Amino acid sequence: MKKLYGNKAVITTLILPGILVFMFAIFLPICMSVYYGFTEYSGMGTAKFIGLDNYKEILHDGAFGKSLFNSLLLALGFIFIQHPLAIITAAVLDKLEGKAESFFRCVLFLPNVISVAVIAYLWKFIYNPDFGLLNNILHAFGQKESVNFFSTENAIWAVLVVLVWHGFGWGMLIYYTGIKNIDPVLYEAAAIDGSNTFQTFFKITLPLMKPVIQINVTMAIISALKQMETVYLLTGGGPGNSTQFAANYLYQQAFKAFKYGYGNALGVIFIVICLISTVLLNTIFRKKKEA
Amino acid sequence: MGSKIAGKKHSPAGKIIVWVVLSIMAVIQIFPLVWLVDFSLASSNEMFTSGLLVMPKKIQWGNYAKAFVDGHFLLYLKNSIIINGLAVLLVLIISIMAAFAVHRMRWKLSGFVKTLLLLGMMIPIHATLLPNYKLYNTLNITDTCWALLIPYVAFSLPQALYLMTGFLDSVPIELEEAAVMDGCGIYRIVFQVVIPLLKPSIATVSIMTFLNNWNEFMMARTYLSSPKWKTLPFSVLEFTGQYSSNYAVQFAVMALTAAPAVIVYIILNKHITKGVAMGAVKG
Amino acid sequence: MRKKLIATMMAAVMTAGLITGCGSDGGKTTSGGGSSSKGGNETITLKLFSNLPDRKNGQGLVEQKIIDEYMEANKNIKIEVEALDEEAYKTKFKAYAMDDMPDVVSIWGQPSFLDEVLAAGTLAELNESDYSDYKFVEGSLEGFKKNGSLYGLPRNTDIAVFYYNEKMFNDNGWTVPETYDDLLSLSDKINDAGITPVAMDGGDGWPMAIYLTDLAFRIEGPAVADKINEAVAKGDFTDEVFSDATSLLVKSAKAGLFQKGYDSQDYGTAMNLFTNGQAAMFYMGTWESSMATNEDIPKDIRENIRVFVMPSVSGGTAKNTDLAAWNGGGYAVSQGCQNKEEAIKFLNYMYQPDKLSKYGWENGVGLSAQDQTSYTTGNETELQKQIMSLLTNATSMSGTPINDCGPSAFKTVIESEIQNVSNGTTSIDDFLLTIGKSCQ
């Protein structure tokens with residue numbers, strides 16, 4: 001038995017495909033990014049080695065700073081808007097059973113299965129000042145002027161709304177599962193103690209959901225950092241750079257402004273930021289668990 | 001918010017609140033889609049109304065005909081199914097093998113390799129767009145299905161591996177021991193003993209992988225150029241240019257592109273939500 | 001139940017994969033250019049990468065028509081088209097530029113686009129003397145040259161114009177503005193009537209940059225071209241003409257000349273405002289004159305589209321007949337492609353005066369860079385006649401848009417910063433400073 005499970009040849013064949021995929025699709029590109037990050041390269045012709053110049057430029061790059069700030073804003077939006085709504089909806093959904101429950105669960109999750117390409121264009125139309133759904137709703141409530149949802153001040157919120165709407169079902173479903181896993185005995189005990197609905201929710205549901213909440217918060221922050229596709233189609237990062245995000249920005253720099261080298265340097269910094277945030281979040285939550 | 005107890009006892013007040021809250025959320029989630037379908041059946045100049053929905057004078061099925069033909073709907077749908085299907089298959093095979101290797105097999109570096117492979121979860125997929133484009137160009141695989149398959153598999157693999165190692169815990173080692181007694185080799189153990197036991201997890205990983213990649217278009221847009229392997233989101237992406245002066249057809253193509261996923265979701269609703277929930281809570 | 005489902009799914013996928021052959025050489029069959037067929041009647045595949053995604057209207061239709069004719073006449077040639085709209089096109093072009101450029105490509109004869117492309121040796125050199133009897137308008141090839149060698153051919157002569165809805169103007173008693181002040185007071189009147197004065201594609205940045213150039217041209221006259229080049233070379237935009245033109249743009253935006261949210265709306269959205277009668281005017285290049293024949297646009301609108309050029313600015317030196325025109329878009333053949341000879345043959349075929357230029361005229365898609373006077377039949381749309389007369393009455397022509405006069409980093413910055421300055425997010429001074437910095 002021991003010998004069988006320690007067979008080097010077998011281990012190699014089992015793990016090799018995974019390692020190869022990792023090396024080829026993740027590790028190698030990152031190495032290339034590191035290399036090109038040290039060069040001035042338009043993407044055509046030859047790359048010129050310029051040392052740390054690209055990284056020095058990043059330090060003064062307002063648009064990149066803005067994109068990180070936007071990620072932070074988005075993460076906060078997820079945590080303080082999407083997740084509370086999702087938890088409450090999940091807690092309410094838990095009260096239903098049978099057909100009604102499965103109907104609502106289905107409907108609430110539905111936007112999640114639709115392609116970002118469709119969602120982004122759909123919301124572009126929804127926000128349209130001339131015939132868009134939102135302005136028509138506002139008009140129905142007596143608002144005279146059309147609102148420009150993509151103005152410099154509003155655009156980031158407009159993006160946030162789309163992302164909160166699109167990802168709502170995912171968060172809700174996870175919380176819902178978390179709530180379902182709570183032992184009903186605890187609720188019965190609380191009822192015997194005379195707790196009302198709110199007390200039960202805050203004293204039992206929320207504390208027991210802590211691990212689930214932690215996972216979701218981590219995911220929210222990471223997905224806020226990684227945001228690209230919705231913004232790419234919805235606003236392209238504009239107006240100005242007001243809805244810029246890191247991934248979109250490095251793409252623009254490389255393929256639009258002929259700064260492939262600089263784009264790669266941005267990519268390296270971007271990867272480092274993602275790694276650090278993940279490790280940091282995990283450490284924080286682990287410490288809390290121990291405390 | 002209704003109370004658990006109140007709900008169970010069917011107190012009318014609690015029940016009303018439950019229904020009101022859920023209905024509001026449901027309307028918010030679903031109305032934009034209703035709006036989409038409604039406008040897709042109107043003609044372009046009927047859209048400039050002040051009402052929330054339009055009553056098309058004549059239902060414009062022609063919009064869908066245009067969307068179906070000029071959006072290369074069938075070709076792109078077929079491509080999407082093939083590429084995503086293959087990605088799921090590869091992810092499953094590779095992740096099960098790797099999970100078994102790092103979790104069950106005994107070797108010094110197993111912990112390190114596992115961490116290394118899981119690291120992929122933290123790498124932002126779009127940061128690899130630039131180097132990968134160059135890499136695939138050098139290897140002459142841009143504009144082939146490999147240009148999508150490789151990254152799709154690579155970025156679904158860490159999560160799949162994570163889930164699979166978790167699920168492997170629940171597979172009783174005694175069964176494997178019995179198989180060893182019978183003289184099975186490791187490969188037979190993996191493919192004949194373990195895989196059948198992992199079926200629920202396989203469903204979860206399949207669903208997660210499928211959902212992650214089905215809607216992806218950034219890489220597809222960067223790496224593909226000819227229609228041969230273009231995936232479903234391209235129907236929408238290409239249409240905004242082609243039919244820039246005809247909104248209704250744009251709406252039709254959006255509804256049409258969304259349809260396959262929605263239909264499959266409604267049919268498999270229970271399995272999908274269960275799979276997602278299982279994957280997300282574990283992951 | 002689930003087990004069966006998964007099993008069926010997997011089986012289906014596997015068979016699908018096998019059948020379609022996503023195996024070893026999937027996809028390569030198209031790119032190989034028929035290398036598999038033996039000798040004799042070998043099919044040559046040319047890839048055309050185009051910035052005209054709408055293949056059923058306007059220039060895309062003309063381009064497709066020539067391609068179809070060429071394939072009909074040359075059975076051994078197969079032309080594959082990949083078409084993206086302009087912004088996506090330019091992004092993808094740069095991605096392609098790293099390797100593996102398609103054979104025939106759309107290009108722009110402007111420094112912002114061509115400088116880096118030529119520096120990298122991406123495009124094939126053309127023999128200028130081949131085109132002596134192609135009737136190219138004098139000077140139109142200049143933008144496509146480097147050190148005296150020719151690398152591309154222009155497709156259009158572009159003039160930025162205000163398209164307007166004549167019927168709407170007449171019904172409301174509005175008149176075509178003579179001066180820029182007239183335009184602004186007209187704008188107030190139109191706004192009062194609850195209609196958007198000018199539909200502007202501000203989301204893309206470049207139309208506003210053209211607008212800015214147009215204004216600067218009206219202020220400074222044809223001499224502005226030199227001033228722009230000098231400013232780009234020095235990275236210094238402190239010259240008065242730039243601040244004057246910018247402040248005029250800012251003032252207009254503030255006064256509500258453009259639609260609400262113009263700074264985030266794309267080409268199609270802006271154009272649809274106009275073609276659906278929601279806006280009285282639309283600021284765009286003459287290449288959109290095929291709107292007059294586009295069946296997707298309601299009849300009573302498309303038949304009433306007329307144009308006027310940027311009205312004169314008080315204190316400005318340019319006359320209304322001085323046109324800010326340029327030869328922007330065109331085609332080139334890539335240097336590295338396998339079938340260069342065939343690609344150039346096809347390029348030359350497209351530019352035979354009775355192809356691109358004539359078909360373009362017949363379809364009313366604006367002005368080509370070749371002499372079109374002999375194609376006049378009298379059956380042209382009113383819009384087309386009007387544009388032709390603009391051109392024939394022009395007293396001077398010059399004016400590459402400012403965003404295209406510098407390196408692509410400059411272009412990227414000005415196209416995003418012009419949104420910020422027009423909507424008041426940044427001050428005019430900061431705007432000029434920022435775009436100056438990006439020139440280095």
Side-chain angles (χ1 to χ4, degrees), chain A residues 1 4-6 10-11 14-15 17-18 21-22 25-26 29 32-33 88-89 91-93 95-96 104-111 113-118 121-122 126 130-131 133 136-137 139 173-174 177-178 187 191 197 200 226 228-229 247 251 254 260 263-264 267 270-271 274-275 278, chain B residues 1-5 7 18 21-22 25-26 29-30 32 35-36 47-48 50 52 94 97-98 100-101 104-107 113 117 120 122-124 126-132 134-135 150-151 153-154 157 180 186 215 217-218 233 236-237 254 257-258 261-262 265-266 269 273 276-277 280-281:
Chain A
M1 178 91 191
L4 195 60
Y5 277 76
V10 174
I11 291 172
L14 284 177
I15 198 76
V21 167
F22 174 80
I26 297 178
M32 286 172 71
S33 267
I88 292 169
T89 315
V92 173
L93 185 62
K95 308 286 179 280
L96 284 185
F104 278 115
R105 188 159 42 87
C106 180
V107 164
L108 292 173
F109 189 74
L110 192 64
V113 301
I114 298 176
S115 167
V116 178
V118 175
Y121 280 116
L122 172 61
I126 289 177
D130 300 295
F131 64 89
L133 179 61
N136 281 349
I137 290 177
H139 291 320
L173 196 64
I174 295 168
T177 316
Y187 286 112
T197 315
T200 320
K226 290 180 178 173
M228 163 156 201
E229 299 183 314
Y251 195 76
Y260 185 78
N264 275 300
F270 181 35
I271 291 173
C274 283
L275 286 179
T278 321
Chain B
M1 197 188 330
S3 122
K4 178 111 191 164
I5 310 302
V18 167
V21 171
L22 287 176
M25 293 315 287
Q29 289 300 94
I30 216 74
W35 187 72
L36 170 69
M47 287 181 188
F48 293 87
S50 51
L52 296 190
I94 298 175
M97 280 168 39
F100 195 85
R104 280 283 212 270
M105 305 296 282
R106 286 168 210 159
W107 46 306
V113 169
L117 293 183
M122 302 179 213
I123 305 294
H126 297 121
T128 61
L129 273 170
L130 313 186
N132 267 343
K134 183 125 189 106
L135 186 63
I150 294 168
V153 170
L157 197 58
V180 174
I186 293 291
N215 296 325
F217 67 87
M218 213 55 232
V236 182
L237 298 177
M254 287 194 282
T257 310
V262 170
Y265 170 68
I266 289 173
N269 167 21
T273 43
V276 169
V281 171

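These numbers come from the heavy atoms of this one structure, side chains and all, not from hydrogens, waters or symmetry mates. Naming convention: chains lettered A, B, ... in sequence-line order (proteins, then strands); numbering from 1 in each chain. These figures come from a predicted structure and were not determined experimentally.
- Not a single donor-acceptor pair under 3.5 Å links the side chain of B:W35 to the backbone N or O of A:L122.
- Side-chain contact check for B:P124 versus A:I271: some heavy-atom pair is nearer than 4.5 Å.
- With a 4.5 Å cut-off on non-hydrogen atoms, A:Y121 touches chain B through its backbone and its side chain both.
- With chain A as partner, the option from B:I186, B:N269, B:L22, B:I94 having the largest number of non-hydrogen pairs under 4.5 angstrom is B:L22.
- Each of A:G263, A:P111, A:G267 has some count of heavy-atom pairs under 4.5 Å with chain B, and the biggest count is that of A:P111.
- Per-residue counts of heavy-atom pairs under 4.5 Å with chain B were compared for A:T278, A:L93, A:L110; the largest is that of A:L110.
- Highest contact tally toward chain B, considering only A:F104, A:F109, A:Y251, is held by A:F104 [criterion: heavy-atom pairs under 4.5 Å].
- If you tally non-hydrogen atom pairs under 4.5 Å between each of A:L173, A:V116, A:I11 and chain B, the highest count goes to A:I11.
- For chain A, the nearby part of B:L157 is the side chain; its heavy atoms alone come within less than 4.5 Å.
- Counting only distance, with no hydrogens or angles, the side chain of A:Y187 and the backbone of A:T200 share no donor-acceptor pair below 3.5 Å.
- Taking the side chain as every heavy atom from C-beta outward, B:V236 and A:S115 never approach each other to under 4.5 Å.
- Under the ring-ring contact (aromatic ring centres under 6.0 Å, His included) criterion, A:F270 pairs with no residue at all, not counting sequence neighbours.
- Qualifying ring-ring contact (aromatic ring centres under 6.0 Å, His included) partners for B:F217, counting only residues two or more places apart in sequence or in other chains: none.
- The most heavy-atom pairs under 4.5 Å with chain A, out of B:R104, B:M97, B:Q29, come from B:Q29.
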